[in-house]
Amino acid sequence: MSQFDLSAFEEEAHEKWAHAFESNPSRLEKFYINVAFPYPSGAMHVGHGRTYIVPDVVARFWRMKGKQVLFPMAFHVTGAPVVGISKRIAKKDEKTIRLYRDLYRVPQNVLDEFVDPLTIVKHFAAEYQRVMTACGLSIDWRRRFITVDPSYSKFIEWQWKHLYEAGHVIKGAHPVRYCTVDENPVGDHDLLEGDKAEVIKFTLVMFRYGDAFIPTATLRPETIHGVTNLWANPSVTYVKAMVDGKAWIVSKEAAEKLALQDHTVEIREEIKGSELVDKKVSHPLCGEITILPAEFVDPDMATGMVMSVPAHAPFDYIALRDLQQAGRYKDIKPIPLIRVEGYGEVPAQFAVEKAGIKNQMDSRMDALTQEIYSAEFSKGKLFEKYGGKPVRVARDDVAALMTEKYDSVVMYEFDVRPVVCRCGNRVKVKILHDQWFLKYSDPAWKQEVSDQLKDMTLVPPEVRVEFDRTVDWLKDWACTRRVGLGTKFPWDTQQLIEPLSDSTVYMAYYTIAHRIKDLDSKLLTPAVFDYIFLGKKSEDLPEKKKLDAMREEFLYWYPYDFRFSAKDLISNHLTFQIFHHCTVFAGQKDKLPKGMVVFGMGLLNGAKMSSSKGNVFLLEDAVKEFGGDTVRMFLMGSAEPWQDFDWRNELVLSTKKQIERFHNTVMEIKDATGEPHDIDRWLASRLQSHIAKTTEALDNFQTRQALQEAWFGIETDLKWYRRRLPKDCDGSRELHELCSVWVRLLAPFIPFTGEHLWKELAGEGLISFAPWPKMDAQQVNEKAELSEELLARTVEDVESIKKLIQISPKAITIALAPEWKHEVFRTIAQASDKNSVVKEIMKDEKMRKRGREATDAAKQITTLIHRLPPYVVGPLVQDPISERDVFESAKGFLEQEFGVPVHIVEAEASGHVKALTALPFKPSIIIE
RNA sequence: GCGAGAAUAUCUAAGUGGCCAACAGAGGCAGACUCAAGAUCUGUUCCCGUAGGGGUUCGCAGGUUCGACUCCUGCUUCUCGCACCA
């Protein structure tokens with residue numbers, strides 16, 4: 001007999017599967033699924049495992065259902081992160097080296113080569129493929145590619161040609177977070193600090209100071225009329241610099257920033273902050289004012305000079321108050337210019353006093369500033385003499401006016417500081433030129449995408465709102481980069497196509513990926529792809545035969561049926577790909593994506609998995625330690641795909657025991673030779689419902705639900721079945737068929753064990769391609785199920801009574817309800833109004849004669865009907881079973897169970913008081 | 001802050017108006033088998049109960065209803081996304 005040895009099963013299966021899942025167009029109906037391909041910059045952990053195992057289970061399911069399934073895989077290697085990694089490794093960065101050497105266990109000689117970024121991705125791509133195979137993924141590896149393959153680049157160029165011609169690729173300028181040391185834009189993941197910081201657009205209000213300007217940054221240009229003074233920090237070093245040919249006075253830091261934002265900056269001299277104090281400046285809209293000293297002014301915030309509006313800005317109000325309390329600048333009065341209900345004459349003063357704030361250092365100052373800012377913006381109105389407009393209108397008007405007439409310019413700055421790059425340098429805002437964008441803001445393009453989304457199947461359905469919102473909110477996307485790996489941007493070969501933008505229609509490329517390897521990439525002109533994917537004929541196409549084969553393959557597979565991905569890609573990749581499909585396959589509705597399945601995230605021992613924090617469990621280790629099937633079953637069974645799941649080693653271990661139990665059970669019962677009993681009909685009937693429910697669950701991608709049915713559902717039934725068998729019998733020969741069905745239902749989840757057991761069962765070919773079990777309505781036996789239900793409930797009741805009374809019984813009597821109670825049962829069950837039905841019943845002469853007994857019974861039966869599930873009540877009314885037959889035929893079983901003689905009597909004939917409580921489907925039980 | 005989702009017994013988790021003291025699994029406890037361990041099987045796992053019953057529960061506070069884990073309102077807590085990047 002076969003011993004349970006997962007690693008032996010795995011070895012067996014891998015041999016058989018070597019090329020089994022290479023899938024070509026055939027006469028069968030196709031089913032094409034794909035997953036967001038991985039960026040292999042590190043080892044796979046168990047969280048990745050689920051991402052690829054879910055689609056594999058789905059692929060295996062549909063394959064058994066008789067579809068021609070395509071499940072390809074490739075590797076996304078374009079982008080900047082590995083470049084950073086290789087630089088850090090070259091610099092011998094301890095943290096990075098520890099991660100790669102200790103956690104990912106990269107051998108030293110390989111690690112040495114990681115100074116070349118491509119080596120990193122190639123190394124891990126190979127590892128991914130190895131681990132994916134170890135997990136039993138049924139991937140067609142012939143179609144594997146990486147996104148820097150020359151042929152793929154040609155494909156991307158073709159794709160972009162279409163985007164460009166459709167007018168979706170535009171050129172512009174763009175403020176980005178920028179590191180002056182790395183000379184690169186900085187993404188969230190490259191930040192040590194300030195990852196929440198947003199770039200905000202300030203208006204610089206230009207105050208005249210002698211022959212120079214002092215620019216102050218404000219978000220509230222409309223308050224210019226209320227400016228009473230400027231603030232300068234006496235201990236800060238300012239500079240006089242020629243900015244675009246004019247003299248400006250700003251902080252040293254600001255000068256550096258302005259240079260990054262489209263200004264020519266030449267520093268002429270340094271000026272101490274203290275020298276500026278008490279000097280006069282002027283602005284046409286507020287006249288001449290004085291520069292006052294203030295320590296709160298941050299030289300790293302915008303220009304390092306601040307305009308003061310004490311009537312509307314709490315900070316300004318308090319700073320001024322403090323100076324005045326020290327006896328200085330007594331003649332300056334706040335100038336209110338905005339009326340906002342509930343904040344008195346001078347809002348800043350009102351709010352500060354109401355909050356009881358004593359000085360500038362109070363921690364509530366930021367919140368208070370925000371409060372006034374919002375209140376005035378949403379409800380405030382300028383005084384009549386300043387135009388009387390609502391703040392939200394006036395703000396833009398004044399800003400425009402100042403830009404036009406009074407030399408105001410825009411300056412970008414972060415709302416939260418500091419923002420620090422991983423290299424340790426302060427990040428600044430830089431305006432990038434020659435920056436290209438994908439115009440996702442285009443309403444017409446958005447419309448196409450929304451229309452397509454309406455026709456797509458989204459799993460789970462709740463994610464639809466998120467997609468809709470994303471389409472709505474998407475702005476132009478900067479789609480070119482200066483560093484990283486990738487395809488050159490065709491209209492500016494100094495730049496690369498940004499990595500999210502080069503992975504949006506590659507699902508189409510999979511259909512031809514294995515064939516295109518036969519062609520020299522030099523031949524791959526746009527015309528070639530136009531022919532393969534769009535059917536556009538043109539002169540002089542090379543290798544026509546090969547192209548025709550590719551065209552045919554594309555037509556067979558496309559569009560894809562489902563794309564799988566984790567939910568964090570909704571707001572970018574998953575939505576982008578629809579945009580791109582809509583353009584590349586414009587006018588070809590039948591080539592647009594059909595559905596998406598979105599996953600939840602993975603936890604490890606209750607905490608988020610994170611490579612950088614070391615909170616990961618490598619998938620390869622998991623497979624080695626527990627076996628591929630165990631890992632698969634655990635990941636599929638612990639939660640539905642879209643829910644978050646938690647990996648815990650101790651739970652995984654018990655999963656392995658379950659698989660072993662399953663294997664052993666099948667081996668034990670598969671060759672049973674006994675004659676079939678009544679109970680076999682029950683088992684067969686139950687099996688049909690498990691088949692139906694498992695199939696339905698998998699149709700809906702509910703892996704957990706499917707496992708519950710196919711696994712525990714059948715196991716529980718089998719336990720009852722074996723309990724019900726006569727002592728000398730260990731099962732009928734029909735169990736062989738049950739095993740065959742059972743193993744096939746579980747094969748998508750535990751294919752290694754499945755393949756092995758299939759062989760043991762003498763199944764034909766590979767189980768991976770065996771027919772999925774079909775429900776056989778002929779075998780559904782409602783009566784048998786009902787009888788067993790009655791029996792099981794009665795046994796349960798007997799057990800619970802036995803436990804309560806704690807005597808050792810000498811005999812058990814089961815008293816069956818009389819026929820008239822069955823009649824009452826049927827009447828009540830069918831009545832629409834359960835309240836008045838009792839009266840109806842009592843109209844009957846026979847019933848009335850029974851008097852109180854009948855009304856009591858009617859009440860009890862009403863309660864009973866409420867408590868019984870509909871699948872019992874329904875059949876009981878339509879086609880009642882004979883309770884006597886059920887118990888008589890199970891008498892042997894009952895006596896065996898209870899170990900005492902069992903008597904079956906009619907309640908009214910027994911004469912026992914307790915017997916009178918007998919109800920339909922709930923006989924009285926008398927224990928003596 | 002904005003947007004989306006979630007909160008059920010020791011844990012995972014099913015449950016969209018009466019089938020609910022609440023599926024299933026894991027874990028715990030007890031028993032059987034065994035020299036023992038493991039595996040397996042049986043029972044038990046909110047509280048009370050010597051006849052199948054009763055009581056109190058499904059984040060918190062209210063509400064709708066004959067009836068709510070399920071619907072509504074408010075609150076609290078958690079997770080995810082908020083972009084120039086995989």
Side-chain angles (χ1 to χ4, degrees), chain A residues 4 36-41 76-82 174-177 185-190 196 198-199 370 374 432 435 437-438 440 460 462-467 469-470 472-481 484 498-501 503 566-573 576 600-601 603 606 608 637-640 642-646 648 650-655 657-658 660-661 664-665 704-705 707-709 711-713 715-716 719 722-723 793-794 796-807 834-835 865-873 914 917 922 924-927:
Chain A
F4 179 73
F37 52 17
Y39 181 80
S41 64
H76 190 218
V77 305
T78 40
V82 281
H174 185 57
V176 295
R177 292 192 292 237
V186 184
D188 266 349
H189 56 283
D190 291 325
K196 288 272 186 307
E198 279 185 63
V199 173
Q370 187 59 41
S374 316
L432 282 188
Q435 177 63 53
F437 294 88
L438 278 167
Y440 291 135
E462 299 86 65
V463 299
R464 186 172 292 279
V465 283
E466 272 202 72
F467 275 103
R469 203 185 139 270
T470 301
D472 206 41
W473 155 93
L474 270 182
K475 302 179 196 79
D476 294 344
W477 176 265
C479 62
T480 54
R481 288 292 171 280
E498 178 272 330
L500 278 185
S501 307
S503 55
K567 66 181 169 193
D568 52 350
L569 294 187
I570 293 177
S571 63
N572 47 54
H573 166 76
F576 290 1
M601 314 294 280
L603 301 174
K608 196 178 170 184
S638 56
E640 298 294 5
W642 40 89
Q643 295 168 326
D644 297 346
F645 76 97
D646 192 4
R648 287 176 194 266
E650 63 273 20
L651 298 186
V652 180
L653 206 59
S654 71
T655 303
K657 285 184 207 157
Q658 286 166 18
E660 178 167 6
R661 200 166 67 222
N664 293 344
T665 306
R704 187 191 126 94
Q705 179 68 31
L707 264 179
Q708 291 274 339
E709 275 302 326
W711 195 283
F712 303 109
E715 194 180 45
T716 306
K719 268 186 204 164
R722 291 165 103 178
R723 190 168 161 190
R793 280 168 181 264
T794 308
E796 234 172 75
D797 279 351
V798 172
E799 302 281 1
S800 83
I801 298 170
K802 263 172 67 178
K803 204 155 12 133
L804 270 174
I805 58 173
Q806 310 247 315
I807 57 167
K834 302 247 182 319
N835 296 319
I865 287 171
H866 262 298
R867 289 193 174 181
L868 289 174
Y871 68 81
V872 169
V873 176
K914 285 201 163 56
T917 59
K922 199 168 175 59
S924 284
I925 294 156
I926 302 145
I927 299 179

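Every chain is numbered from 1, with letters handed out A, B, ... down the list of sequences. Bear in mind that the values here come from a model prediction, so they are computed numbers and not experimental data.
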Item to check | Spacing of A:Glu466 atom CD relative to B:rA4 atom C1', expressed in whole Å | outcome: 5 Å

Checklist entry - Roughly how many Å is it from CG in A:Leu474 to P in B:rC2, rounded to a whole number? => result 21 Å

Checklist entry - Could you give the distance from OG1 (A:Thr665) to CD (A:Gln658), rounded to the nearest 0.5 Å? => result 11.5 Å

Item to check | Distance, rounded to the nearest Å, where A:Arg481 contributes CZ and B:rC84 contributes P | outcome: 9 Å

Next on the checklist: Between B:rG49 and B:rA68, how far apart are the two C1' atoms, rounded to whole Å?
Outcome noted: 28 Å

Next on the checklist: Quick check for you: among B:rU12, B:rG81, B:rC85, whose closest atom lies nearest to any side-chain atom of A:Ser638?
Outcome noted: B:rU12

Item to check | Whole angstrom value for the distance that separates C1' of B:rC84 from CZ of A:Phe437 | outcome: 9 Å

Next on the checklist: Between C1' on B:rG25 and CD on A:Glu715, what's the gap in Å once rounded to a whole number?
Outcome noted: 10 Å

Checklist entry - Looking at B:rG25, B:rC82, B:rG43, which one has an atom nearest to any side-chain atom of A:Arg723? => result B:rG43

Next on the checklist: Counting the atoms with a prime plus P, OP1 and OP2 as sugar-phosphate, which does A:Asp472 contact under 4.0 Å by heavy atoms, base, sugar-phosphate, or nothing?
Outcome noted: nothing

Checklist entry - In whole Å, what separates the P atom of B:rG38 from that of B:rA32? => result 15 Å

Checklist entry - Contact class for A:Ile926 (heavy atom, under 4.0 Å): base, sugar-phosphate, or nothing? => result base

Checklist entry - Of the nucleotides B:rA14, B:rA83, B:rC41, which has the atom closest to the A:Arg661 side chain? => result B:rC41

Next on the checklist: Please determine whether a side-chain nitrogen or oxygen atom of A:Arg177 lies at a distance below 4.0 Å from atom OP1 or OP2 of B:rC84.
Outcome noted: yes

Next on the checklist: Among B:rC85, B:rG27, B:rG52, which nucleotide has an atom closest to any side-chain atom of A:Pro81?
Outcome noted: B:rC85

Checklist entry - Ignoring hydrogens and geometry, is there a side-chain-to-backbone donor-acceptor pair from A:Gln435 to A:Thr480 under 3.5 Å? => result yes

Checklist entry - If we call it a pair only when both distances are under 3.5 Å in a Watson-Crick or G-U wobble match, what pairs with B:rU50? => result none

Checklist entry - If the C1' atom of B:rG59 is compared with that of B:rU70, how far apart are they to the nearest Å? => result 16 Å

Checklist entry - Closest nucleotide of RNA chain B for A:Ile925 versus for A:Lys475: which of these residues is on the 5' side? => result A:Ile925

Checklist entry - So what does A:Glu660 hit on the nucleic acid, given a heavy-atom distance under 4.0 Å: a base, only sugar-phosphate, or nothing? => result nothing

Item to check | Base paired to B:rA13 (Watson-Crick or G-U; both N/O distances under 3.5 angstrom) | outcome: none

Item to check | Pairing residues for A:Thr655 by the side-chain hydrogen bond (donor to acceptor under 3.5 Å, both in side chains) criterion, not counting sequence neighbours | outcome: none

Next on the checklist: With rounding to the closest Å, how many angstrom separate the C1' atoms on B:rC58 and B:rA13?
Outcome noted: 13 Å

Checklist entry - On a whole-Å scale, what distance lies between the C1' atoms belonging to B:rC23 and B:rU12? => result 14 Å

Checklist entry - What is the pairing partner of B:rU34, taking Watson-Crick or G-U wobble pairs with both distances under 3.5 Å in any strand? => result none

Checklist outcome for this item: Taken to the nearest whole Å, CD/A:Glu796 to P/B:rA21 is 14 Å

Checklist entry - So what does A:Trp711 hit on the nucleic acid, given a heavy-atom distance under 4.0 Å: a base, only sugar-phosphate, or nothing? => result nothing

Next on the checklist: Looking at B:rC66, which nucleotide sits across from it as a Watson-Crick or G-U wobble partner, both distances under 3.5 angstrom, or is there none?
Outcome noted: B:rG18

Next on the checklist: Whole angstroms only, please: what is the NZ-C1' distance between A:Lys802 and B:rG52?
Outcome noted: 14 Å

Item to check | Per A:Val465 side chain, nearest of listed nucleotides B:rG81, B:rA4, B:rA51 | outcome: B:rA4

Checklist entry - To the nearest Å, how far apart are A:Glu799 CD and B:rG53 C1'? => result 18 Å

Next on the checklist: B:rG5, OP1 or OP2 - any side-chain N/O from A:Lys567 closer than 4.0 Å?
Outcome noted: no

Next on the checklist: Using atom C1' in both nucleotides, what's the gap between B:rU64 and B:rU56 to the nearest angstrom?
Outcome noted: 23 Å

Item to check | Nearest listed nucleotide, side chain of A:Arg469, among B:rA83, B:rC84, B:rG81 | outcome: B:rG81

Item to check | From CA spacing to verdict: side chain to side chain contact (heavy atoms under 4.5 Å, CB included), A:Val77, A:Val82 | outcome: CA-CA 8 Å; A:Val77 305; A:Val82 281; over 6 Å; no

Item to check | A:Thr917 and A:Ser924: CA distance, side-chain angles, deciding distance, side-chain hydrogen bond (donor to acceptor under 3.5 Å, both in side chains) verdict | outcome: CA-CA 6 Å; A:Thr917 59; A:Ser924 284; 3.0 Å; yes

Next on the checklist: Keeping A:Glu640 on the side-chain end and A:Arg704 on the backbone end, is there a donor-acceptor pair under 3.5 Å?
Outcome noted: yes

Next on the checklist: Could you walk me through whether A:Trp642 and A:Glu462 satisfy the side-chain hydrogen bond (donor to acceptor under 3.5 Å, both in side chains) test, starting with their C-alpha distance in whole Å, then the side-chain angles of each, then the deciding distance to 0.1 Å, before giving a yes or no?
Outcome noted: CA-CA 10 Å; A:Trp642 40 89; A:Glu462 299 86 65; 5.5 Å; no

Next on the checklist: Roughly how many Å apart are B:rA26 and B:rA21, using the P atom of each and rounding to a whole number?
Outcome noted: 25 Å

Next on the checklist: So, does A:Arg704 get its side chain near the phosphate of B:rA13, meaning an N or O under 4.0 Å from OP1 or OP2?
Outcome noted: no

Item to check | Phosphate OP1/OP2 of B:rA14: any A:Gln643 side-chain N/O under 4.0 Å | outcome: yes

Checklist entry - Out of B:rC85, B:rG81, B:rG27, which has the shortest distance to the side chain of A:Asp568? => result B:rG81

Next on the checklist: From the set B:rG52, B:rC41, B:rA24, return the single nucleotide nearest to any side-chain atom of A:Lys719.
Outcome noted: B:rC41

Item to check | B:rC75 and B:rA7, which share atom name C1', separated by this distance in whole Å | outcome: 14 Å

Checklist entry - Looking for any heavy atom pair under 4.0 Å, which part of the strands does A:Ser924 touch: base, sugar-phosphate only, or nothing? => result base

Checklist entry - So what does A:Ile927 touch, heavy atoms closer than 4.0 Å: a base, only the sugar-phosphate, or nothing? => result base

Next on the checklist: Under a 3.5 Å cut-off for both contacts, is B:rA6 paired Watson-Crick or G-U wobble with anything, and if yes, with which nucleotide?
Outcome noted: B:rU77

Item to check | SB check A:Glu466 A:Lys567 (cutoff 4.0 Å) | outcome: no

Item to check | Nucleotide nearest A:Lys657 when distance is taken to its side chain, options B:rC85, B:rA83, B:rA39 | outcome: B:rA39

Next on the checklist: Would you compute the distance between atom CG of A:Leu474 and atom CZ of A:Arg469 and round it to the nearest 0.5 angstrom?
Outcome noted: 10.0 Å

Item to check | A:Leu651 side-chain proximity, nearest of B:rA26, B:rA4, B:rC82 | outcome: B:rA26

